[in-house]
Each structure stands twice: as structure tokens, then as C-alpha cells.
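Position 1 is the first residue of the sequence, and the numbers go up from there.
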Amino acid sequence: MPNASSQRPQWGSRLGFILAAAGSAVGLGNIWKFPYIAGQNGGGAFVLVYLLCIALVGLPIMIAELMIGRHTHKDAIGAFIALEHKRSWWQTPGWISVSAAFLISSYYSVVAGWTLDYVYRAITGSFSNQNATAIEGMFGSLIADGSRQTFWHLTFTLLCLGIVIGGIQKGIERWSKILMPVLFVLLTLLFINGMMSPGAKQGLEFMFSPDFCKLTPGSILEALGHSFFTLSLGMAAMITYGSYLKRDEDLFSAGLRVAGIDTLIAIMAGLAIFPIVFAVGLEPAAGPGLIFKTIPVVFSQIPGGSVLAILFFLLLAFAALTSNISLIEAQVAYLIDERGWGRKRATCTIATLAFMVGIPTALSYNVMADWTFIGERSFFDSADLIASNYLLPIAGLLIAIYVGWFWRGSEEKKELVAGGSGWVYPLWHWLIRYVSPLAVAIVLYYKMEEAGLMHYLAGLFD
Ligand code: PFF
């Protein structure tokens, strides 16, 4: 089977891999999306459903991705070629995942650029001595400014390039070992601050008190969809990171740790954010508004807020950085493994492409505001729609079906047994065969229906 594995780079330590994979999983999705959707969809009831989605769908697929990578020691496309053959149809999930990584890395980096802009504003004291309207207006002026966004997008791309070019041990692993602990310390400080604030009780209630009436079928779909994005599944990242693992690594316990860290950080982020939002009498806004409008207003009104603001935006920037490097690495690995490129050339090419494709995202709310793509959506929203709503679940579904039904020779069983987790095989195998594909297929169906695609497809057959 895998032949080139002797010269293939490997993680230097188990901890290094866990931190890098957790770095990929812990990103903007954890800090601005999870807390908000939890609060909106019934607090504790939603958290419960979310945990179930992670355990029954996310974790089994993450283990499957790590297995494919570790077994073949290849990038996501090469992995399926190695498992099947050069013309095999099964390369499709590989191509879809790498394309998703490409699309997401382009706009993720623009949003990450916003966090850098806010780190800069926090350090230079732009939020102090300003009223709420002025602070909220800063976000509008940032997204109206194409060149400012492009500058930060470029800065962020260069930071990622600088890390990925260093390779697995000296680049990604080394930086994950620095950035992830710092991220954890920053979040812990903000979490303690949240828990000590007068809004702690209200914040805890918002996130945890179970309200089953708010738990609609839509919120279950939201939980499922988010469990995918937050664990970096369907985007070649976990296959690629798995491909640098040693043969005896326990994939079950590694996956469990990564999913555990991801969930813990999402919950801590909510408990850092909501108490202080409620303490100053504000309502939590949705999406980017929560982070880029509400939070700076909150920090301008609480004691020590100017320091907390720096910590908070640094936290976001670090979370985005470790996520984006996994997206870049997933593409770089393809060029190195399948095209025989050197790491330097591959990284510079992917970073340049991601930068260029990110520019229309940076211009989506200014110069290109009138350009619409899919159904009146801006370039940014269209790219996000294609990647998050379609490419990702389709890749996840195909991966689950492949590993559950088509992987020959019981290799998947050997992969679990090799690390000492053979006992979990029957349960995992049942989940990956029946539960995960069914759940992802349902999400996909509803996403397509939501976008009117089912209607469109039905029309084709009339
Ligand atoms: N998991 C990241 C988040 O929650 O923000 C996003 C992400 C990173 C998705 C890397 C996919 C990926 F490969």
C-alpha cells in the first residue's frame, strides 16, 4: 500500500497533532457562530442536540477522514486514488473537499483580516471614548473600504504562508503548539471575566436553560450543519492532517480529544461573550454583528475593557489562523503529493490564488456591491453558500458511504485496531454506515430545498 511514507513528513508528537487538528477545528465558527445559534435555538436543548450531532455524526466522520489519510499517507485526492485507482469515480469526494478548502480559504482569510483590523483598532485605542453609534459604525466603514480589507486579507495570507511554508513539524506543528495554548489562556481570562460579570446568570440562562419549544426541525439541521463546519469535515483538512500520523496512533481517542476541545472552546466562548453583553443591557446580535459591533461597544463600557478588547480580537485572529493554515495545507499537500511540486512553490501558489479569489469577497460590500451571483447573493455569500451548504455535506456524505460500504479488505477495522481502539469498531461502523450518511443526506436535502434547488431539479424532469 503506501510506499512513499518513509520520506513523508510526520507530526513530531501526539500532542503536536492534537493541537494542530484542534487548531483547525477551533475557528471563527466556534466563537461567533456556536454561541449565537445555541442562544437562538433553545439554549440547553440545542446544546444537547448539538452534542448528539457531534457524537453520532461529526466524530464518526472525523475518524473516517483521519483513517483515510493515515492509511494512504496522501493528500485528499491522492488518498482516493491510492485506495482505488487513477480513473476511479471515488476521487470525487477528494476533489470536492479540496475545492471546498480552496473556496473557504479565500473568504475565511478576508473575515480573519477583519479580526486583525480590530486587533489594530483595539491596540490603538479606537474604541475608547467613543459612543455606541460611532463604534458600531466602524464595522460599516471597514466593509465599505475595499482597500483596507484587502490590506488585512493580504497580511493574514502572508502570516499563513509563513507558517505553512515551514512544513509540518517546523511550521504547522510548532505554531499550533504556541498559538493554541495562548488561545486557551486568552479565552480562560475572558471566560473568568464573563463569569464574574453581573450578567453571568443571564448569560448562563441564554446558553443553557433548555427551551424545547424553540427547538424546531430547522434548529436540528442547523446543529448538524454546524457540527460539520466546526470540526473541519468535508474539507480535506482532516484527511491531510491524518496523513502525517504514525501507524500506531489511536484515531478514536485523537478524534475524541479534538472534538472535545472544539466543543469546550465553543461553550467557553459563549460564556465569555453573553454575560458581558447582558451586563451592559444589550441584546446579542446575530453573526458578524455580534463580534464586530456589539462586543466592541460592550468593551468600551466595562472596566478594563480596552485590554479585554485586545485579548478578545487576538483570540479570534489566532483561532482563524490555525484554521486557515489547515485549509491551505490541504491544498498544498495535493500539489506536493500528486504534482510533485516543492513545498515552497506549492505554498506560494496556493496563497497567491487564495489571495486573488478572496479579493472579490473583500469588495463584496463596496466596489462590487451591485454584483450578484447565486440568487441575488454577493460574491462572498455565494462562495459561502456553495462551500458550506453543498460541497461540504456532499463530500462528507460520500466519505461516510465510501468508508462504511465500499472500502475493501476491512482496512478501516485494522486502522482502529492498530491504535488499540478495536473495541469501539462495531459502534463506529454502525454509525458510519447508517446514521451519519442518513443524517448528512437529510441536511443536504433541506439545504437544497431551502435554496429552491429541488424545485429546479424537478423542473428538469418535467
Ligand atoms: N473549523 C473552522 C471553524 O469552526 O471556524 C472552520 C474550518 C477550518 C473549516 C478548516 C474547515 C477547515 F478545513
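- Aromatic ring pairs are classed by plane angle as parallel below 30°, tilted from 30° to 60° and perpendicular above 60°; the pair W11 and Y241 is perpendicular.
- Panel note: side chain D145, backbone S141; no donor-acceptor pair is recorded below 3.5 Å.
- With respect to D337, the salt bridge (Lys or Arg N to Asp or Glu O under 4.0 Å) criterion is satisfied by exactly one of R343, K74, R8: R8.
- A centroid separation of 6.0 Å or more is found between the aromatic rings of F80 and W95.
- For A351 against L161, the heavy-atom pair with the smallest separation is CB-CD1, 3.3 Å.
- Comment: R14 does not engage D250 in a salt bridge, judged by the lack of any side-chain N to carboxylate O separation of less than 4.0 angstrom.
- When each of F380, W114, Y108, F355 is checked for a ring pair (Phe, Tyr, Trp, His ring centres under 6.0 Å) with H153, only F355 meets the rule.
- Between Y50 and F46, the ring planes are parallel. Angles under 30° get that label, and only those over 60° would be called perpendicular.
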Item to check | Residue pair W152, T155: steps toward the side-chain contact (heavy atoms from CB on, under 4.5 Å) verdict | outcome: CA-CA 5 Å; W152 288 115; T155 310; 4.1 Å; yes
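- The two atoms that bring L56 and P60 nearest to each other are O-CG, 3.2 Å, heavy atoms only.
- Taking the centre and axis of the six-membered ring of Y118, the NZ or CZ atom of R121 falls inside the cone set by 45° and 6.0 Å.
- A salt bridge does not link E65 with R70: none of the charged nitrogens is closer than 4.0 Å to a carboxylate oxygen.
- For the pair N366 (side chain) and I143 (backbone), a donor-acceptor distance under 3.5 Å is present.
- In summary, the aromatic rings of W341 and Y334 are positioned with their centroids too far apart to meet the 6.0 Å limit.
- Ring geometry for Y425 versus H429: interplanar angle under 30°, hence parallel rather than tilted (30 to 60°).
- Taking the ring centroids of W32 and F292, they lie at or beyond the 6.0 Å cut-off.
- Taking the charged nitrogens against the carboxylate oxygens, K414 and E411 do have a contact shorter than 4.0 Å, which makes a salt bridge.
- L28 and A112 make their closest contact through CD1-N, 4.4 Å (heavy atoms, listed as atom of the first residue, atom of the second, distance).
- Closest of all the heavy-atom pairs between A79 and I239 is CB-CG2, 4.3 Å.
- Nearest heavy atoms, S97 versus A395: OG-CB, 3.9 Å.
- Rounding to the nearest 0.5 Å gives a distance of 12.5 Å between CG of L116 and OH of Y120.
- No donor-acceptor distance shorter than 3.5 angstrom exists from the side chain of R174 to the backbone of I163, with no hydrogens or angles considered.
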Item to check | Step-by-step side-chain contact (heavy atoms from CB on, under 4.5 Å) determination, E415 to R247 | outcome: CA-CA 8 Å; E415 287 297 320; R247 287 255 159 255; 3.7 Å; yes
Next on the checklist: Evaluate M368 against F373 for side-chain contact (heavy atoms from CB on, under 4.5 Å), listing each step before the verdict.
Outcome noted: CA-CA 11 Å; M368 286 172 57; F373 294 83; 4.2 Å; yes
